[in-house]
2 protein chains.
Amino acid sequence: MSEIEDGLPIGQVAEAMGLSVHALRFFEREDLFLRPIPRSAGGRRVYGPEDVEWLLLCNRLRDSGMSIARLKEFARLVRSGPGNEPDRLALLQEHERTVQARIADLDACLVIIHDKVVTYEKHLRDGTAAGLWSPASSP
Amino acid sequence: MSEIEDGLPIGQVAEAMGLSVHALRFFEREDLFLRPIPRSAGGRRVYGPEDVEWLLLCNRLRDSGMSIARLKEFARLVRSGPGNEPDRLALLQEHERTVQARIADLDACLVIIHDKVVTYEKHLRDGTAAGLWSPASSP
DNA sequence: GCTTGACCTAGAGCTCACTCTAGATTTTAG
DNA sequence: CTAAAATCTAGAGTGAGCTCTAGGTCAAGC
């Protein structure tokens, strides 16, 4: 079997997370983990469940647009242990607001885009050119 | 005054759009406009209202995550004039679906993030460490 | 007329977030 | 035991999307 005491090799973690092994090694170089990933006797990374769990949160933060730099800062705070929870909370709250704003922005874009879609659909149904862009013609 | 027959110089368009003049020139090089921007006698760009209107749509498409390459394709379709409306519609519909999916994704992330925020808030109110990450401790 | 600032082109440079390469080592399957 | 697959490190390369520079030209105010 490939698990050593509940630990996973990089390949399996990569597959489970939808990341490349390169990305995982890159994350570690960038100090995005809460600890250096432990190694087997042969020097290979052995990811523990807590590393995987942390990665899951990282994925959510990254997917929602948090930069590597910011995530690194969050990891640093968590690593420095108890006492800086207010800082961690502030960072998370700021990110939450950023994501909310982004969603609102996308919603607004979606309205415009959907409007265009509807206009085109109507045009194609009716065979008219009303409301369509064409070289040198408006809305 | 700075308008020549309802045309705006690059600086004013840039300011109005929240883009740099560099970006506007880049967009033109990349064929993102429906036409080459007309020039004044001295060789300066003079943006017409239709260019600005097109830019507004471009901004929405870009803001909602459409790549330059895709936008270029859309511009090419619109430039090639009437007859390819089904293609334009298909492109817009696909983008609409992409944006919807992105919003759903962000919503899911937001749930996780908000959960973390609430956990930290609760911890800070109660003075407990329950449910918090710390070096070598779970959730 | 002259200074100042906006604008021009072509092209180099930058940031981000990976991604890939080379060359070596380790592990697993047969 | 051997061959193939997975992993290792250090560092170079990539692509998107601008951003900036150099070396000018052009236009407006005094």
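No experiment lies behind these values; they were computed from the predicted model shown. Naming: A, B, ... by sequence-line order, numbering from 1 per chain.
Looking at which nucleotide of DNA chain D each of Arg62(B) and Ile10(A) is closest to, the 5′-most match is held by Ile10(A). Between Leu19(A) and Val21(B), the residue anchored closer to the 5' end of DNA chain C is Val21(B), taking for each the nucleotide with the nearest heavy atom.
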Side-chain polar contacts of residues 16-24 of chain B - donor-acceptor pairs under 3.5 angstrom, sequence neighbours left out - could you list them?
from, atom 1, to, atom 2, distance (Å)
Ser20(B), OG, His22(B), N, 3.4
Ser20(B), OG, Ala23(B), N, 2.9

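OP1 and OP2 of dC7(C) both lie 4.0 Å or more from every side-chain N or O belonging to Arg45(B). The phosphate of dT9(D) has OP1 or OP2 within less than 4.0 Å of a side-chain N or O from Arg39(A).
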Step-by-step ring-ring contact (aromatic ring centres under 6.0 Å, His included) determination, Tyr47(A) to Trp54(A): CA-CA 11 Å; Tyr47(A) 293 80; Trp54(A) 172 250; over 10 Å; no
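What separates OH of Tyr47(A) from P of dT7(D) is a distance of 10 Å, to the nearest Å. What separates CZ of Arg70(A) from P of dC16(C) is a distance of 14 Å, to the nearest Å. When the P atom of dT9(C) is taken as reference, atom CD1 of Ile37(B) falls 12 Å away, rounded to whole Å. Rounded to whole angstrom, the span from the CE atom of Met17(A) across to the C1' atom of dC18(C) amounts to 18 Å. Here the P atom of nucleotide dA6(C) and the CG atom of Leu8(B) are 16 Å apart, to the nearest Å. Look at CG on Leu61(A): it is 13 Å from P on dA17(C), rounded to the nearest Å. Regarding Phe27(A), its CZ atom lies at a distance of 15 Å from the P atom of dC16(C), rounded to whole Å. Atom-to-atom, CE of Met66(B) to P of dG17(D) comes out at 12 Å; the value is rounded to the nearest Å.
Residues forming a salt bridge (charged side-chain N to carboxylate O under 4.0 Å, His left out) with Arg35(A) (at least two apart in sequence, or on another chain): Glu50(A), Asp51(A). Partners of Glu30(B) under the salt bridge (charged side-chain N to carboxylate O under 4.0 Å, His left out) rule, at least two apart in sequence or in another chain, are Lys72(B). Every salt bridge (charged side-chain N to carboxylate O under 4.0 Å, His left out) that Arg39(A) has, sequence neighbours left out, goes to Glu28(A). Applying the salt bridge (charged side-chain N to carboxylate O under 4.0 Å, His left out) rule to Glu15(A) yields no partners; only residues at least two apart in sequence or on another chain are considered.
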Protein proximity profile, nucleotides 19-27 of chain C - base contact B, sugar-phosphate-only contact S, no contact -, cut-off 4.0 Å on heavy atoms: BBB---BBS
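Cluster membership check: Leu92(B) does not share its hydrophobic cluster with Val118(A), using side-chain heavy-atom separations under 4.5 Å among Ile, Leu, Val, Met, Phe, Trp and Tyr.
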